[in-house]
Amino acid sequence: MNELQIHKGNVFRDLHTSDDIFVMPNAWNAGSACMLEEAGFYAIGTTSAGIAFGMGLPDYEGTLSRDAALEETQRISTSVKVPVSADAENGYGHEAAEVAETIQLFADAGAVGASIEDYAASFGGGLYMNEHSLKNESEPLVSRLTH
């Protein structure tokens with residue numbers, strides 16, 4: 001990580017630990033991110049639905065590739081000075097190693113945070129059970145993001 005990304009990460013952490021509430025709108029491309037930053041938002045999220053729609057794709061699992069999401073996240077994160085948190089779908093995988101790899105790739109693309117969904121239609125019943133999501137995915141992610 002470069003110094004700017006570390007700074008953005010510190011700002012993002014401080015927004016989460018402050019007693020104040022902050023609103024983080026979602027950008028679907030670099031232009032929308034610039035408009036949101038200009039409007040005064042302190043952080044910006046990405047939206048997988050918005051990115052997919054911008055590419056003429058529907059919003060459901062599997063239509064927006066991880067590579068496409070990473071490319072757009074990189075364009076968004078390099079176009080603004082505020083922190084960017086990525087919509088990382090379900091981590092683009094069902095196993096902890098796949099999710100951890102996705103988080104690292106989003107960090108490499110300039111994101112300083114990410115949201116991971118607890119649902120994937122392709123995963124049996126769809127909803128990840130607590131045992132799977134908490135034990136198997138959270139521990140490697142926390143370790144990777146804090147070291």
Side-chain angles (χ1 to χ4, degrees), residues 1-18 21-123 126-128 132-147:
M1 275 192 249
N2 61 41
E3 286 185 36
L4 177 59
Q5 189 173 10
I6 291 169
H7 172 73
K8 288 180 179 184
N10 290 333
V11 169
F12 197 55
R13 182 201 57 226
D14 293 346
L15 287 169
H16 280 83
T17 58
S18 170
I21 295 172
F22 75 97
V23 175
M24 186 174 67
N26 291 333
W28 55 95
N29 61 24
S32 64
C34 290
M35 290 181 353
L36 293 168
E37 180 181 44
E38 183 65 28
F41 291 100
Y42 298 117
I44 296 169
T46 68
T47 165
S48 59
I51 293 170
F53 294 154
M55 298 174 70
L57 301 171
D59 177 34
Y60 58 83
E61 181 185 357
T63 60
L64 180 66
S65 72
R66 181 171 73 175
D67 287 343
L70 288 165
E71 289 171 14
E72 199 61 50
T73 298
Q74 185 169 29
R75 280 191 284 275
I76 290 169
S77 65
T78 57
S79 70
V80 294
K81 294 180 178 126
V82 298
V84 172
S85 182
D87 177 347
E89 295 279 314
N90 71 327
Y92 290 92
H94 302 302
E95 300 302 322
E98 296 167 313
V99 176
E101 177 185 48
T102 294
I103 293 299
Q104 182 62 57
L105 291 170
F106 273 105
D108 294 346
V112 296
S115 59
I116 302 290
E117 296 175 7
D118 59 358
Y119 174 86
S122 64
F123 185 73
L127 187 63
Y128 295 112
H132 183 80
S133 60
L134 296 176
K135 181 178 181 202
N136 295 336
E137 293 179 19
S138 295
E139 291 173 10
L141 292 177
V142 170
S143 176
R144 179 159 301 208
L145 293 173
T146 57
H147 293 95

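Computed from a predicted structure; not experimentally measured. Every heavy atom of this structure was used, including side-chain atoms; hydrogens, water molecules and symmetry mates were not.
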For residues [X] and [Y], report the shortest heavy-atom separation together with the two atoms involved.
{"X": "Pro58", "Y": "Ala52", "answer": "O-CB, 3.7 Å"}
{"X": "Phe12", "Y": "Gly113", "answer": "CE2-CA, 3.9 Å"}
{"X": "Cys34", "Y": "Val80", "answer": "N-CG1, 3.9 Å"}
{"X": "Ala27", "Y": "Ile76", "answer": "O-CD1, 3.9 Å"}
{"X": "Thr63", "Y": "Leu57", "answer": "O-CD1, 3.3 Å"}
{"X": "Leu70", "Y": "Ala109", "answer": "O-CB, 3.8 Å"}

Query raised in the report: Which residues pass the side-chain contact (heavy atoms from CB on, under 4.5 Å) test with Ala111, sequence neighbours left out?
Result: Thr73, Ala86, Phe106
State, yes or no, whether a side-chain contact exists between [X] and [Y] at a heavy-atom distance under 4.5 Å.
{"X": "Met24", "Y": "Tyr42", "answer": "no"}
{"X": "Asp59", "Y": "Thr47", "answer": "no"}
{"X": "Asp87", "Y": "Trp28", "answer": "no"}
{"X": "Val84", "Y": "Thr46", "answer": "yes"}

Just verifying a value: how many Å separate [X] [atom1] and [Y] [atom2], rounded to the nearest 0.5 Å?
{"X": "Ser77", "Y": "Glu72", "atom1": "OG", "atom2": "CD", "value": "10.0 Å"}
{"X": "Lys8", "Y": "Gln5", "atom1": "NZ", "atom2": "CD", "value": "7.5 Å"}
{"X": "Ser65", "Y": "Glu89", "atom1": "OG", "atom2": "CD", "value": "10.5 Å"}

**Report entry** Residue list, ring pair (Phe, Tyr, Trp, His ring centres under 6.0 Å) with Phe53, at least two apart or on another chain
**Finding:** none
Query - Results of ring pair (Phe, Tyr, Trp, His ring centres under 6.0 Å) for Phe41 - residues two or more places apart only - result: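 Scan of Phe41 (ring pair (Phe, Tyr, Trp, His ring centres under 6.0 Å), adjacent residues dropped) gives none.
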Name all residues meeting the side-chain hydrogen bond (donor to acceptor under 3.5 Å, both in side chains) criterion together with [X]; count only those two or more places apart in sequence or in a different chain, and write none if there are none.
{"X": "Asn26", "result": "none"}
{"X": "Ser32", "result": "Asn29"}
{"X": "Arg66", "result": "Glu101, Thr102"}

Query - Check: Glu37 side chain, Ile44 main-chain N or O, donor-acceptor pair, under 3.5 Å - result: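 No; zero donor-acceptor contacts below 3.5 Å.
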Requested in this report: Check the pair Tyr92, Asp67 against side chain to side chain contact (heavy atoms under 4.5 Å, CB included), reporting the backbone distance first and the verdict last.
Outcome: CA-CA 10 Å; Tyr92 290 92; Asp67 287 343; over 6 Å; no
